[in-house]
Amino acid sequence: MPAPPPNQSRQAHRTSRLVNIGIPYLWLGLFFLLPFVIVLQISVAEPALAQPPYTALWQWIDEGLLRIEINLRNFMLVGQDDLYLSALLNSLQVAFICTLLCLLLGYPMAYAIATAPERWRIILLMLIVLPFWTSFLIRVYAWIGILKSNGLLNDLLIWSGLIDTPLAILHTNTAIYIGVVYSYLPFMILPLYANLTRLDLSLLEAAADLGCRPMRAFLRVTLPLSMAGIVAGSMLVFIPVVGEFVIPDLLGGPGSLMIGKLLWTEFFSNKDWPLASALAILLLALLVVPFVMMQRLQQRMEGSRP
Amino acid sequence: MRRRRWPLLTVLAFGYAFLYVPILLLILYSFNESRLVTVWTGFSTKWYVELFRNKQLLDAAWLSVRIAAVNATLAVVLGTLAANALVRHGTFRGRTGFELLLTAPLVMPDVIIGLSLLLLFVAMQQTIGWPDGRGFTTITIAHVTFSMAYVAVVVRARLSQMDRSLEEAAMDLGARPLRVYLAITLPLIAPALLSGWLLAFTLSLDDLVIASFVAGPGSTTLPMVIYSSVRMGVSPQINALATIIVAVVTLAVVIAGISMRRGRGA
């Protein structure tokens, strides 16, 4: 607040504080934080033929005896079965490669938009965001028709004489990479663009005046200065992709299993809620480090903003 | 800066082609007579006719639109409150936790949000008897929880860039804070509220994973219908639906763009 509030509005200020902070806090605490506690609780339960299909964590036995059962079966199962471990590793690998691909394609695009003439920028940026407003599911589905063995891409390649037999792209990791880069590219470009437009171009001019070649100036000046945008964009891609379900389900195959898809199967097909919960806890533990990194960076950037 | 723009422009052109060719192909093949996606047999609008006769899909679309509208309205209220807290109340106790809770839903994988909320609803039903069954209410609550975070981002950006001299003038003239907020601040941030509302609406309309977890047997949303028909393979009806969605979105964006430009000119 710019001026110290006069007496009559001090009370109003306090009320406003309570409403503005309290209500969202309460909502997120109840519907975002509390659920994780319950997931943790059910991840140490046992599946049961009941409604809901898991055993209770605690049980009152008469004469005031409380029995708590913590069952590590689910975590041991995940640790011992290669299926889960390989799905976990594949998820990390897919997320890492996709983040890299998004960066390789997104950085030059963001740079080109940020350095375009002012009146073009808003239109170019709008064209990046526009696909995001259409259905994600349908956009992923579009790639099935393109990538399948008798699909448009193979037809085109065979017609042009580049290949004789259709390439098997659908139901492989390659198809997942394409689908992810396609869907998540805006999340990489937007923070990069925001970062690059704030860049002080006089630094580049200074480097050029001092005889620095453009490539060197880019590597020594632009790239380090845009590190915040790179990290922010990468986290916005990496974190959700590790747990992605729709893309591996529609474009991936049995050889490209990912943890999000496995969690879905355990829950919906096998009705093993405790095991699905254990997978959710593992996934969450995996994502804590990149998430904290992102949060730190965001706070640092806010601190440095004028 | 002017020299050698062409490598950059090539990448830019490739990027836009990559983003738009699949959508254009969907639109093109929605007018194809054949059921096969790859064979063009002739122009036809029969898939649109079939789409509008598909009662299951229409019912699901209506449910999704209602959920999305309620969700967007609640998300704008909660997201704006959160943005107020972050911009107007400086450092308060628990601010780090508050920001953490508000950022996490932006990146949290859908399967985790969906599963954890379902387990919460089940546990709540067991202990306090509410929510009684799952459907409209539970899907809406789940959607508000993640879309309010997006609204907060949009509104927060606008609030922190806002010129506060009008508010200060009103305060100096003795207007009460709530009145200043309603009469001056809200109209000034209205564009952000509108884009936040539209964003929340779209996010809700688009969500398959979270809704699948927290939906009950009687509540099938549009993405669930699309998903089950897409899993069967390529379906021209979905192409027709995609074309309609793209047309509506493009129209909305063009109208928004024109009105924004006019607003700036005034």
Side-chain angles (χ1 to χ4, degrees), chain A residues 2 9 12-13 16-17 19-21 23-25 27-28 31-36 38-39 42 52 105 108-109 111-112 115 126-127 130-131 133-139 141-146 150-152 155 182 236 239-240 242-243 245-246 250 260 263-264 267 276 280 283-284 291 295, chain B residues 1 3 8-9 11-12 15-16 18-19 22-23 25-26 29 37-38 78 81-82 84-85 88-89 92 98 100-105 107 109-112 115-117 119-120 122-123 141 145 148 164 168 176-178 202 206 208-209 223 226-227 230 234 238 241-242 245-246 249-250 253 257:
Chain A
S9 69
H13 186 70
S16 135
R17 224 174 139 87
V19 169
N20 285 324
I21 300 171
I23 294 176
Y25 226 140
W27 182 285
L28 289 169
F31 294 119
F32 192 73
L33 206 57
L34 184 61
F36 291 138
I38 296 172
V39 175
I42 290 168
L105 181 59
M109 286 180 79
Y111 191 88
T115 53
M126 224 172 206
L127 283 173
L130 192 64
W133 291 85
T134 65
S135 168
F136 166 70
L137 200 54
I138 288 178
R139 280 182 296 134
Y141 151 80
W143 283 98
I144 298 178
I146 299 173
N150 57 347
L152 293 160
D155 281 1
Y182 179 65
L236 284 181
I239 299 176
V242 173
F245 164 73
V246 172
L250 291 180
L263 194 159
W264 177 284
F267 183 84
L283 185 53
L284 212 56
F291 180 70
Q295 193 69 19
Chain B
M1 293 301 297
R3 67 202 150 212
L8 266 185
L9 294 180
V11 177
L12 197 62
Y16 282 113
F18 178 63
L19 284 179
I23 296 175
L25 285 173
L26 273 189
Y29 279 96
V37 182
T38 43
L78 286 167
L81 291 180
N84 285 340
R88 296 291 167 91
H89 290 288
F92 50 86
F98 190 78
L100 211 74
L101 278 180
L102 214 50
T103 321
V107 289
D110 291 347
V111 285
I112 296 185
L115 176 70
S116 63
L117 270 169
L119 296 180
L120 173 81
V122 170
I141 290 175
T145 304
M148 67 181 276
R164 302 197 58 179
E168 280 159 23
R176 285 167 178 279
L178 184 64
T202 316
D206 207 19
L208 164 74
V209 175
I226 297 176
Y227 177 67
V230 161
V234 170
I238 300 299
L241 180 66
I245 293 177
V246 170
V249 168
T250 312
V253 168

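Basis for what follows: all heavy atoms, side chains included, without hydrogens, waters or symmetry-related copies. Per chain, numbering begins at 1; letters A, B, ... match sequence-line order.
- The candidate from B/Leu117, B/Thr145, B/Val11, B/Thr250 with the greatest count of non-hydrogen atom pairs under 4.5 Å with chain A is B/Thr145.
- Interface summary for chain A: among B/Asp206, B/Val230, B/Leu115, the most heavy-atom pairs under 4.5 angstrom belong to B/Asp206.
- Counting heavy atoms from C-beta outward, A/Val39 and A/Leu284 have side chains that stay 4.5 Å or more apart.
- With a 4.5 angstrom heavy-atom cutoff, B/Leu25 touches chain A only via side-chain atoms.
- Ranked by heavy-atom pairs under 4.5 Å with chain A, the list B/Val122, B/Asn84, B/Ile245, B/Thr103 is led by B/Thr103.
- Residues A/Leu28 and A/Leu33 are not in side-chain contact: their nearest non-hydrogen atoms beyond the backbone lie 4.5 Å or more apart.
- Heavy-atom pairs under 4.5 Å with chain A were tallied for B/Leu208, B/Ile141, B/Val246; the largest tally goes to B/Ile141.
- Among A/Ile21, A/Val246, A/Ile239, A/Leu283, the residue making the largest number of heavy-atom pairs under 4.5 Å with chain B is A/Ile21.
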**Request:** I would like to know whether B/Asp110 and A/Phe245 meet side chain to side chain contact (heavy atoms under 4.5 Å, CB included); could you show each step before the answer?
**Result:** CA-CA 8 Å; B/Asp110 291 347; A/Phe245 164 73; over 6 Å; no

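- Within the 4.5 angstrom heavy-atom criterion, only side-chain atoms of A/Arg139, from C-beta onward, approach chain B.
- Contact of A/Phe136 with chain B is made through backbone and side chain together, with heavy-atom distances under 4.5 Å.
- For A/Trp27, the part lying near chain B is the side chain, with the backbone staying farther off; criterion is any non-hydrogen pair under 4.5 Å.
- Across all their heavy atoms, B/Phe92 and A/Arg17 have their closest contact at CB-NH2, 3.5 Å.
- Between A/Ser16 and B/His89, the shortest heavy-atom distance links the atoms OG-NE2, 3.1 Å.
- With a 4.5 angstrom heavy-atom cutoff, A/Leu263 touches chain B only via side-chain atoms.
- B/Met148 has its side chain out of reach of B/Leu81: every pair of non-hydrogen atoms, C-beta onward, lies at least 4.5 Å apart.
- B/Pro22 and A/Trp143 get closest at one heavy-atom pair: CG-CZ2, 3.5 Å.
- The minimum heavy-atom distance linking B/Pro223 with A/Leu137 is given by the pair O-CD2, 3.3 Å.
- For A/Leu105, the parts sitting under 4.5 Å from any heavy atom of chain B are the backbone and the side chain alike.
- When heavy atoms are compared at a cutoff of 4.5 Å, B/Thr202 approaches chain A solely by way of its side chain, counted from C-beta outward.
- Heavy atoms closer than 4.5 Å to chain B are found in the side chain of A/Ile42, but not in its backbone.
- Side-chain contact between A/Val242 and B/Pro109 is absent, with no heavy-atom pair separated by less than 4.5 Å.
- Looking at B/Leu12, both its backbone and its side chain come within 4.5 Å of chain A, counting heavy atoms on both sides.
- Under the 4.5 Å side-chain criterion, counting only non-hydrogen atoms from C-beta, A/Leu152 is in contact with B/Tyr29.
- Interface check for chain A: of the options B/Leu100, B/Leu241, B/Leu102, the most heavy-atom pairs under 4.5 Å are formed by B/Leu100.
- For the pair B/Ile112 and A/Ala280, the tightest heavy-atom approach, listed with the atom from each and the gap, is CD1-O, 3.9 Å.
- Only the side chain of A/Leu250 comes within less than 4.5 Å of a heavy atom of chain B; its backbone N, CA, C and O stay farther away.
- Of all the listed residues (B/Leu9, B/Val111, B/Leu178), the one sharing the greatest number of non-hydrogen pairs under 4.5 Å with chain A is B/Val111.
- Both the backbone and the side chain of A/Tyr182 come within contact range of chain B, each with at least one heavy atom under 4.5 Å from a heavy atom of that chain.
- Checking side-chain atoms of A/Tyr25 against main-chain N and O of B/Phe98 turns up a donor-acceptor pair under 3.5 Å.
- Residue B/Val253 touches chain A through both its backbone and its side chain, counting heavy-atom pairs closer than 4.5 Å.
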